[in-house]
Amino acid sequence: MKKYILWALALYCSIIAQAQAGDPPKYEVSKIPAELLKGANAVIRADEEILDIQGIGRAIKKMRFAVTILNEEAIHYATKRLSYYKLFKINRLEGMVYDQYGKVIAKLKKSDIQDNGTFDGVSFVSDSRVKVATFARTAYPFTVEFEYEAEDLNLMHYETWYVQSDPKAAVESSVIEVVVPTDFPDLRYHTQNLTNKVEMSSTSEGKKIYR
């Protein structure tokens with residue numbers, strides 16, 4: 001009985017220790033390659049986009065964007081603006097803030113997200129709106145991560161994708177995937193200033209993936 005009690009106590013202490021330890025560190029600043037920090041105001045740690053074509057005129061877009069903000073010049077990265085309307089819906093928006101050691105110090109709350117109408121300068125009645133999610137400043141450097149999922153019911157054309165859109169933001173990882181149904185023709189694309197070639201594979205359902 002004593003051995004059982006000691007074993008149960010040890011197991012309980014182990015579970016408590018794991019719970020207190022929390023998730024492993026993520027986006028530690030110390031792991032950024034030194035060459036990416038030179039002259040940069042921010043470092044894009046992960047820029048991942050998945051465009052899943054569901055059919056003609058319909059797609060699901062999933063995005064994960066994590067950026068380490070090094071100084072005040074890059075504080076705008078702590079805000080994410082997502083426009084939407086009746087045929088382009090934002091189904092999910094989440095976010096987290098990490099300190100320089102990769103520990104979560106804040107999570108996006110409903111109170112951190114504003115939902116505003118937009119004015120296009122012409123019409124006074126419009127269904128276009130914008131969600132604005134903003135994290136408060138904290139000690140530099142820190143990392144913000146946003147994830148969202150949107151449904152496009154009016155897919156007229158595929159968007160342009162940029163590996164690096166800000167010359168003062170170094171890029172550690174940037175990836176796009178376009179998932180095309182089996183009965184769709186091959187995706188036509190044009191790349192510029194890329195050293196990596198587009199990779200093509202297929203899923204178990206036979207969908208084509210361009211990465």
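- A salt bridge links Lys208 to Asp186: at least one charged side-chain nitrogen sits closer than 4.0 Å to a carboxylate oxygen.
- Here the straight-line distance linking atom CG of Leu108 with atom CD of Glu147 works out to 11.5 Å at 0.5 Å rounding.
- Every residue two or more places apart in sequence or in another chain that forms a salt bridge (charged side-chain N to carboxylate O under 4.0 Å, His left out) with Lys26 is listed here: Glu145.
- No side-chain donor-acceptor contact under 3.5 Å links Ser202 to the backbone of Gly206.
- Rounded to the nearest 0.5 Å, atoms CD (Glu205) and OG1 (Thr182) are 8.5 Å apart.
- Taking CZ of Arg81 as the start and OG1 of Thr79 as the end, the distance is 5.5 Å to the nearest 0.5 Å.
- Between Asp47 and Val175 there is no side-chain heavy-atom pair separated by less than 4.5 Å.
- One hydrophobic cluster, built from ILVMFWY side chains closer than 4.5 Å, cannot hold both Ile56 and Ile60; they sit in different ones.
- Evaluation of the side chain to side chain donor-acceptor pair (under 3.5 Å) rule for Glu94 yields Arg92 as partners, not counting sequence neighbours.
- In this structure, the side chains of Tyr158 and Leu187 come closer than 4.5 Å at one or more pairs of heavy atoms.
- By the rule that hydrophobic residues join a cluster once side-chain heavy atoms approach within less than 4.5 Å of another member, Val178 and Met200 end up as members of one cluster.
- For Asp183, there are no side chain to side chain donor-acceptor pair (under 3.5 Å) partners at least two apart in sequence or on another chain.
- Hydrophobic clustering keeps Met96 apart from Ile44 (ILVMFWY residues linked when any side-chain heavy atoms are closer than 4.5 Å, directly or through intermediates).
- For Lys62, the NZ atom sits in a loose shell: 12 or fewer heavy atoms of surrounding residues, nucleotides or ligands are nearer than 6.0 Å.
- Asp152 and Tyr84 share no donor-acceptor pair across their side chains, judged by distance under 3.5 Å alone.
- In this structure, the side chains of Val132 and Asn116 come closer than 4.5 Å at one or more pairs of heavy atoms.
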Glu49 and Arg64: CA distance, side-chain angles, deciding distance, salt bridge (charged side-chain N to carboxylate O under 4.0 Å, His left out) verdict: CA-CA 7 Å; Glu49 179 180 342; Arg64 182 169 72 93; over 6 Å; no
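- Side chain of Thr68 to backbone of Thr143: no donor-acceptor contact under 3.5 angstrom is found.
- Residues Ala74 and Asn41 come closest through the heavy atom pair CB-O, 3.3 Å.
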Test side chain to side chain contact (heavy atoms under 4.5 Å, CB included) on Glu151 and Lys61; report intermediate values, then the result. CA-CA 6 Å; Glu151 183 178 10; Lys61 180 179 180 179; over 6 Å; no
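- In this structure, the separation between CG on Asp99 and CD1 on Ile105 is 5.5 Å, given to the nearest 0.5 Å.
- When side chains are defined from C-beta on, Asn91 does not count as touching Tyr148, because their heavy atoms never get closer than 4.5 Å.
- The minimum heavy-atom distance between Ala42 and Val67, with the atom names listed, is CB-CG2, 3.8 Å.
- In this structure Phe146 satisfies the ring-ring contact (aromatic ring centres under 6.0 Å, His included) test together with Phe135, sequence neighbours excluded.
- There is no path of hydrophobic side-chain contacts, each under 4.5 Å, that joins Val130 to Phe88.
- For residues 162-179, the side chain to side chain donor-acceptor pair (under 3.5 Å) pairs, not counting sequence neighbours, are Arg45-Glu172, Tyr77-Asp166, Glu177-Arg211.
- With a 4.5 Å cut-off on side-chain heavy atoms, Asp52 and Lys207 count as touching.
- The heavy-atom pair separating Asp112 from Lys107 by the smallest distance is OD2-O, 3.8 Å.
- Looking at every heavy atom in both residues, Val43 comes nearest to Leu36 through CG2-O, 4.0 Å.
- Shown here is Tyr101, whose OH atom has no more than 12 heavy atoms of other residues, nucleotides or ligands within 6.0 Å.
- There is no path of hydrophobic side-chain contacts, each under 4.5 Å, that joins Ile50 to Ile53.
- Within the model, atoms NZ of Lys80 and CD1 of Ile113 stand 12.5 Å from one another, a figure rounded to the nearest 0.5 Å.
- Using modelled atom types and a 3.5 Å distance limit, the side chains of Ser30 and Glu28 yield no donor-acceptor pair.
- Taking both residues in full, the closest heavy atoms of Val29 and Pro141 are given as CG2-CG, 3.8 Å, listed atom of the first, atom of the second, then distance.
- By the ring-ring contact (aromatic ring centres under 6.0 Å, His included) test, Tyr140 pairs with Phe142, sequence neighbours left out.
- The shortest side-chain heavy-atom distance between Ile209 and Thr203 falls under the 4.5 Å cut-off.
- Rounding to the nearest 0.5 angstrom, the gap separating the CG atom in Leu87 from the CG atom in Leu155 is 11.5 Å.
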